[in-house]
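All ligand and atom numbering here is 1-based and tracks the order in the structure.
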Amino acid sequence: MLQVHGVVEHGDERGRTLGFPTANVAVPEHGLRDGVWAGTVRLGPDGPERVAAVSVGHRPTYYGKDGARLLEAHLLDFSGDLYGRQVVVSLHVRLRPQRRFSGSADLVEQLRRDVADTRAWAAQDLLPG
Ligand SMILES: Cc1cc2nc3c(=O)[nH]c(=O)nc-3n(C[C@H](O)[C@H](O)[C@H](O)COP(=O)(O)O)c2cc1C
């Protein structure tokens, strides 16, 4: 299981308009494979841990191959503002590679599946407490 420590930065806000807001954290250059992951985000050093669907990559749907590489975590059942918070992102299971979708509608359809897959992972593998 891989962990990334960082401070939440502002994204370009598209995630919010897609209905999948993300907390963006600087991504290490090495040792982390692009893709979509089921994992968790710990809020603060001793804070609560939330389940998250996490994207690592260049967002080829919008930026071709030239996009900046980002780590974006969509926290399930969470609506707070995390900007500036210190977080620990844990990547547990790689669900799929990054893909280029023909548009936002197709991406959103896949994001729904990613969230469902992440929920299924959490229900199976995350013990309470
Ligand atoms: C779970 C998850 C999976 C994603 N998968 C892809 C993907 O396969 N291809 C892609 O181009 N973008 C993918 N994205 C990134 C979205 O394009 C991005 O979150 C959206 O454009 C919002 O960007 P912003 O937060 O910088 O505004 C994914 C995002 C999430 C949260």
Side-chain angles (χ1 to χ4, degrees):
M1 191 251 300
L2 289 154
Q3 286 196 328
V4 178
H5 295 245
V7 173
V8 175
E9 303 164 354
H10 278 300
D12 60 24
E13 302 292 318
R14 186 189 299 115
R16 213 167 291 282
T17 60
L18 293 178
F20 294 85
T22 57
N24 295 10
V25 175
V27 57
E29 253 182 76
H30 302 288
L32 188 54
R33 207 172 157 205
D34 281 9
V36 178
W37 301 73
T40 60
V41 175
R42 184 177 295 287
L43 308 176
D46 306 308
E49 197 160 52
R50 314 288 309 216
V51 175
V54 184
S55 170
V56 179
H58 299 264
R59 295 173 296 171
T61 303
Y62 298 103
Y63 299 100
K65 288 184 179 127
D66 302 328
R69 188 162 177 257
L70 295 184
L71 185 157
E72 305 178 273
H74 172 70
L75 280 63
L76 273 54
D77 311 314
F78 183 83
S79 61
D81 184 1
L82 295 175
Y83 175 64
R85 294 279 293 272
Q86 185 81 40
V87 296
V88 182
V89 183
S90 299
L91 305 172
H92 286 255
V93 176
R94 191 168 179 273
L95 299 173
R96 64 174 179 89
Q98 284 277 322
R99 277 183 46 204
R100 178 180 192 131
F101 293 90
S102 57
S104 295
D106 286 352
L107 173 62
V108 163
E109 210 173 289
Q110 178 61 53
L111 290 173
R112 288 203 194 98
R113 286 198 285 269
D114 293 337
V115 166
D117 290 347
T118 299
R119 253 186 233 293
W121 163 76
Q124 273 202 340
D125 289 16
L126 269 191
L127 299 171

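- Residue Leu111 approaches ligand 1 through these ligand atoms, each under 4.0 Å from one of its heavy atoms: 1 (C), 2 (C), 3 (C), 4 (C), 28 (C), 29 (C), 30 (C).
- Side-chain contact check for Val25 versus Val41: every heavy-atom pair is 4.5 Å or farther apart.
- Proximity of Val56 to Leu70: side-chain heavy atoms (C-beta onward) are nowhere separated by under 4.5 Å.
- Not one N or O of Arg100 is nearer than 3.5 Å to an N or O of ligand 1, by distance alone.
- The aromatic rings of Tyr83 and His10 sit parallel, their planes meeting at an angle under 30°, below the 60° perpendicular limit.
- Annotation for ligand 1: atoms under 4.0 Å from non-hydrogen atoms of Thr61 are 9 (N), 10 (C), 11 (O).
- Using a 4.0 angstrom heavy-atom cutoff, His58 does not count as in contact with ligand 1.
- Within the 4.0 Å heavy-atom cutoff, Phe101 counts among the residues contacting ligand 1.
- Near Arg99, with a cut-off below 4.0 Å to any heavy atom, the atoms of ligand 1 are 7 (C), 8 (O), 9 (N), 10 (C), 11 (O).
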Would you sort out whether Arg119 and Asp77 count as a side chain to side chain contact (heavy atoms under 4.5 Å, CB included), showing the intermediate values? CA-CA 11 Å; Arg119 253 186 233 293; Asp77 311 314; 3.0 Å; yes

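- No side-chain donor from either of Gln110 and Asp106 sits under 3.5 Å from a side-chain acceptor of the other.
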Could you walk me through whether Asp117 and Val36 pass the side chain to side chain contact (heavy atoms under 4.5 Å, CB included) test, one step at a time? CA-CA 11 Å; Asp117 290 347; Val36 178; over 6 Å; no

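- Set against the non-hydrogen atoms of Tyr62, the atoms of ligand 1 under 4.0 Å away are 17 (O), 21 (O).
- When heavy-atom distances to ligand 1 are checked against a 4.0 Å cut-off, Gln110 has no atom that comes that close, whether in backbone or side chain.
- In this structure, Arg33 places its CZ atom where only 12 or fewer heavy-atom neighbours from other residues, nucleotides or ligands lie under 6.0 Å away.
- Residue contacts with ligand 1 for Val115 are absent, since no atom lies close enough (heavy atoms, distance under 4.0 Å).
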